[in-house]
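Heads up: the structure comes next, in structure tokens.
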There are 2 protein chains.
Amino acid sequence: MDRLFHALADTTRRDILRRCVRGELSVSRLAEAYPMSFAAVQKHVAVLERAGLVTKQRSGREQLVRTDPDAVGRARQALDELESAWRGRVDRMARLLADEPRSDEPGSDEPRTSTPRAFDPDEKNTTEGSER
Amino acid sequence: MDRLFHALADTTRRDILRRCVRGELSVSRLAEAYPMSFAAVQKHVAVLERAGLVTKQRSGREQLVRTDPDAVGRARQALDELESAWRGRVDRMARLLADEPRSDEPGSDEPRTSTPRAFDPDEKNTTEGSER
DNA sequence: CTAACGTACAACCAAATGGTTGTAGATGAG
DNA sequence: CTCATCTACAACCATTTGGTTGTACGTTAG
């Protein structure tokens, strides 16, 4: 997740993604379009690749870059969930599922003495992840 | 945009967002939940704030943090567009995003001789932006 | 075979991140 | 008033990023 959003947090990288929407492009082809060195573009592509947003496929001596729709879909969905939660949709659903009449309210009391909630790794996602 | 995605590209920050879904929380309350200093959490909140994802509102001596659903909506929508373009659903949009007058077909030819396309700032967004 | 192209990768650098501690200003409780 | 909280912000540090150049390797064109 971190890697996914990080990859998207750069104008050049988003532009590369958009460029590859219409079809595979070799890295050098891509590099021609930006005011930076080939190596720099190469690195950007590597970031996108580690994030699972694109895949490279060798064709002759060229390396074609192609986007992976599903990866973007995953990111979009994550935001979707967040947004839903916000709007309370999930809240009602959760209450239904747990038939908890009323409780978890952060209302005001809840003397935080007990469990400060030790930080939760991250979402319940189980997609992948390791390395960096 | 950069700031938006960058803000989302951190586990702690996403967790803060999730925590504030159920209600406003003071910064110190938030800080209690993480294995880091108050100042660190303060910085994370600042990042979220600059990205427009949360707003702070003073209440007495506490600073309540509240999420802004619309900001997440904007990010989600950006990804939505990307995904759509991918799937070819919105061919016209892809053309808009890349402002390539025509012949956008990835066909195979297109002897790249013409215009290397000098890099386009970023999407057509006009939200705000500068600095880093 | 040789030359040119496309790629990969290491080394290096300035700037930004994510974290720390310390100090200082407001505000509310006693 | 005085003290304890909550917050803001500066200074500092280690690591990462985004960029550069240079070198080496595989593949295709002549």
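Note on naming: letters A, B, ... go to the chains in the order of the sequence lines (proteins, then strands), and numbering restarts at 1 for each one. Quantities reported herein were computed from a predicted structural model and do not represent experimental measurements. These values consider heavy atoms only, across backbone and side chains, with no hydrogens, waters or symmetry-generated copies.
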Measuring from the side chain of [X] (C-beta onward, heavy atoms only), which nucleotide among [options] has the closest atom?
{"X": "Lys43(A)", "options": "dT20(D), dG18(C), dT7(D)", "result": "dT20(D)"}
{"X": "Met36(A)", "options": "dG18(C), dT20(D), dT7(D)", "result": "dT20(D)"}
{"X": "Lys56(B)", "options": "dT20(D), dT20(C), dA8(D)", "result": "dA8(D)"}
{"X": "Arg13(A)", "options": "dG19(D), dG18(D), dA8(C)", "result": "dG18(D)"}
{"X": "Gln63(A)", "options": "dA8(C), dG18(C), dT20(D)", "result": "dA8(C)"}
{"X": "His6(A)", "options": "dC6(D), dG18(D), dG19(C)", "result": "dG18(D)"}

If I take atom [atom1] in residue [X] and atom [atom2] in nucleotide [N], what distance separates them, rounded to the nearest angstrom?
{"X": "Leu8(B)", "N": "dG18(C)", "atom1": "CG", "atom2": "P", "result": "12 Å"}
{"X": "Ile16(B)", "N": "dG18(C)", "atom1": "CD1", "atom2": "P", "result": "11 Å"}
{"X": "Phe38(B)", "N": "dT23(C)", "atom1": "CZ", "atom2": "P", "result": "17 Å"}
{"X": "Tyr34(B)", "N": "dG19(C)", "atom1": "OH", "atom2": "P", "result": "11 Å"}
{"X": "His44(B)", "N": "dT7(D)", "atom1": "NE2", "atom2": "C1'", "result": "17 Å"}
{"X": "Arg3(B)", "N": "dA16(C)", "atom1": "CZ", "atom2": "P", "result": "13 Å"}
{"X": "Gln57(B)", "N": "dC6(D)", "atom1": "CD", "atom2": "P", "result": "18 Å"}
{"X": "Arg50(B)", "N": "dA16(C)", "atom1": "CZ", "atom2": "C1'", "result": "10 Å"}

So, is the end of the Arg19(A) side chain (NZ or CZ) under 6.0 Å from the ring centre of Tyr34(A) and within 45° of the ring's axis?
yes
At less than 4.0 Å, is any side-chain N or O atom of Ser28(B) found next to OP1 or OP2 of dT7(D)? Yes or no.
yes
dG19(C), OP1 or OP2 - any side-chain N/O from Ser37(B) closer than 4.0 Å?
no
Is Asp70(B) salt-bridged to Arg74(B), going by a charged N under 4.0 Å from an acidic O?
no
What residues, two or more places apart in sequence or in another chain, satisfy side chain to side chain contact (heavy atoms under 4.5 Å, CB included) together with Glu49(A)?
Val54(A), Lys56(A)
Taking side chain to side chain contact (heavy atoms under 4.5 Å, CB included) as the definition, give me every residue that meets it alongside Ala40(A), ordered by chain and number, with sequence neighbours left out.
Met36(A), Ser37(A)
Contact pattern, 5' to 3', of nucleotides 22-30 of chain D - B, S or - by protein heavy atom under 4.0 Å
-----BB--
Using 0.5 Å steps for rounding, measure from the CZ atom of Arg50(A) to the NE2 atom of His6(A).
7.0 Å
Rounding to 0.5 Å, atoms OG1 (Thr12(A)) and CG (Asp2(B)) come to a distance of 8.5 Å
The answer to which of Val41(B) and Gln42(A) contacts DNA chain C further toward the 5' end, by nearest nucleotide, is Gln42(A)
